[in-house]
S.K.: 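Before anything else, here's the structure in question.
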Number of protein chains: 2
Amino acid sequence: MSWKRDDSGQPRGYHHGNLKEALIRAALGLIGEKGPSGFTFAEAARMAGVSPAAPYRHYRDRDELLADVAVRGFSAFEADLVKAWDGGKPDAETAFHRLGRAYLAFAHDQPAFYSAMFEAGVPLDANAELRAAADRAFLVLRNAAETLIAALPQGERPPALMMALHIWAMSHGVAALFGRGDAGRRPLPMSASDLLEAGMLIYLKGLGLPPDKAG
Amino acid sequence: MSWKRDDSGQPRGYHHGNLKEALIRAALGLIGEKGPSGFTFAEAARMAGVSPAAPYRHYRDRDELLADVAVRGFSAFEADLVKAWDGGKPDAETAFHRLGRAYLAFAHDQPAFYSAMFEAGVPLDANAELRAAADRAFLVLRNAAETLIAALPQGERPPALMMALHIWAMSHGVAALFGRGDAGRRPLPMSASDLLEAGMLIYLKGLGLPPDKAG
DNA sequence: CAGCTCATGTTAAGGCCCCTAACATGGGCA
DNA sequence: TGCCCATGTTAGGGGCCTTAACATGAGCTG
């Protein structure tokens with residue numbers, strides 16, 4: 001293949017060479033700036049330097065592009081979570097708090113991905129890959145929950161799935177309500193990351209788990 | 001005033017008589033059906049039986065109507081929460097669990113309001129009334145948190161604001177991720193309401209508060 | 001290397017939406 | 001009774017989504 005090298009280089013002929021990727025990048029930029037509803041198929045095309053009809057060669061419609069952004073977002077998210085969890089080393093509690101910080105860091109640093117994944121109204125079954133990618137990301141939380149639970153005595157163990165859902169709910173709640181600093185939202189007495197960490201410590205204590213050893 | 005009585009009655013002359021309310025109702029219906037981005041100024045006008053330009057006599061633009069919906073939503077929300085809390089009777093724990101159920105019931109039964117309030121991207125300072133209404137609703141949670149905290153011994157009391165933020169975050173997380181049953185979201189092993197209740201019980205236990213006496 | 005084919009572009013056009021400007025109506029007060 | 005202005009209306013510019021019909025050229029095939 002003789003790539004047209006339009007990864008950001010200008011000169012191109014009739015064909016773009018990398019339009020799909022260029023559209024994704026444009027969509028991320030627009031969603032990050034103006035929210036999911038501020039993203040426009042036509043403007044993404046303009047940014048990529050093609051006509052408004054060109055994107056339809058790669059996506060059935062605007063929603064399909066959004067769903068693709070969400071898929072890629074879940075994959076990146078999963079990768080971040082896996083890295084943060086790091087197999088539960090050096091111990092489950094430390095790793096778990098890294099996981100919480102990674103969750104919020106993703107929501108904060110990749111607002112466009114996070115929006116597409118959770119706030120754009122993309123139905124999870126829009127795309128077969130989408131649900132799979134979302135499930136893989138959730139599985140990281142679930143595995144972490146299972147590892148933590150294993151430290152509890154038999155008979156005091158909550159269902160791992162329920163615990164994972166609690167973790168996710170609180171993380172998402174903090175991220176959605178307080179995660180993006182200055183966006184016309186509520187001022188906080190502490191950072192969103194610290195708020196989540198404190199909440200998770202209380203929750204884990206409620207389960208009977210020991211507090212973390214490191215901040 | 002000789003009301004035109006167009007609260008839903010058809011016959012009207014040149015003037016509608018109640019267009020603002022009719023637009024709000026139309027907006028709620030559309031948002032409930034198709035999400036915040038599916039709501040259209042033009043379609044709301046059509047539903048109210050007026051021309052597409054008429055709404056501009058009552059709202060500067062589409063966003064201002066959305067903000068008004070959010071204001072009304074926060075007021076209704078506050079009223080529901082106040083009623084559920086009911087002054088903390090007969091005891092704080094019982095009242096608190098009523099509060100949690102009321103939160104989810106609102107998100108579930110008034111999805112249009114909830115969307116406009118939390119998911120439509122309406123900035124809180126779009127409207128002076130908006131922030132005030134949101135603050136009043138949050139204050140109910142904060143007061144509940146304060147009452148619960150008062151049962152703890154001195155020196156073990158967390159900041160009430162932080163606790164209220166945790167409660168809100170988990171409630172919103174559950175509502176946003178799992179609150180609307182079949183909307184292409186994730187299947188749950190339990191109802192969203194039970195999930196939240198279980199999470200809150202664990203959280204309260206982590207704070208050292210006694211479990212609720214009634215289910 | 002010539003020629004064909006089909007993926008990937010383009011332009012044109014219909015339909016809907018947001019919003020503004022200019023005009024129309026009639027409810028309620030002077 | 002008659003006037004005013006809040007609240008309607010129509011007309012129109014500009015943008016977006018999407019489809020249809022047409023154009024280009026990259027790479028295979030012989």
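Order of the sequence lines fixes the chain letters, A, B, ..., with proteins taken first and strands second; residue numbering starts at 1 for each chain.
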S.K.: Would you kindly give the CG-to-C1' distance between L65(B) and dC19(C), to the nearest whole Å?
M.R.: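 Interatomic distance, CG of L65(B) to C1' of dC19(C): 15 Å.
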S.K.: Given ring pair (Phe, Tyr, Trp, His ring centres under 6.0 Å), test F178(B) with H172(A) step by step and report yes or no.
M.R.: CA-CA 11 Å; F178(B) 319 115; H172(A) 176 70; 8.9 Å; no
S.K.: Once you round it to whole Å, what is the distance between P of dG27(C) and CG of N18(B)?
M.R.: 15 Å
S.K.: Please state how far atom CG in L23(A) lies from atom C1' in dG9(C), giving the value in whole angstrom units.
M.R.: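 Computing the L23(A):CG to dG9(C):C1' distance gives 12 Å.
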S.K.: Just say parallel, tilted or perpendicular for the rings of F106(B) and F77(B), cut-offs at 30° and 60°.
M.R.: tilted
S.K.: Does H58(B) have a side-chain nitrogen or oxygen under 4.0 Å from the phosphate oxygens OP1 or OP2 of dG8(D)?
M.R.: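 Answer yes for this pair, as a side-chain N or O of H58(B) is under 4.0 Å from OP1 or OP2.
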S.K.: With a 6.0 Å cut-off (strictly less than), is the heavy-atom count around CD of E129(B), excluding the residue itself, greater than 12?
M.R.: no
S.K.: If the sugar-phosphate is the primed atoms plus P, OP1 and OP2 and the base is the rest, what is the B/S/- string for nucleotides 14-23 of chain D, using protein heavy atoms under 4.0 Å?
M.R.: --SSBB-BBB
S.K.: How would you list, by chain and number, every residue that makes a salt bridge (charged side-chain N to carboxylate O under 4.0 Å, His left out) with E146(B), sequence neighbours excluded?
M.R.: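 For E146(B) the salt bridge (charged side-chain N to carboxylate O under 4.0 Å, His left out) partners, ignoring immediate neighbours, are R142(B).
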S.K.: For the residue pair L81(B) and L99(B), what are the closest heavy atoms and their distance?
M.R.: O-CD1, 3.3 Å
S.K.: According to the interplanar angle, ranging from 0 to 90°, do the rings of Y103(B) and F118(B) count as parallel (below 30°), tilted (30 to 60°) or perpendicular (above 60°)?
M.R.: parallel
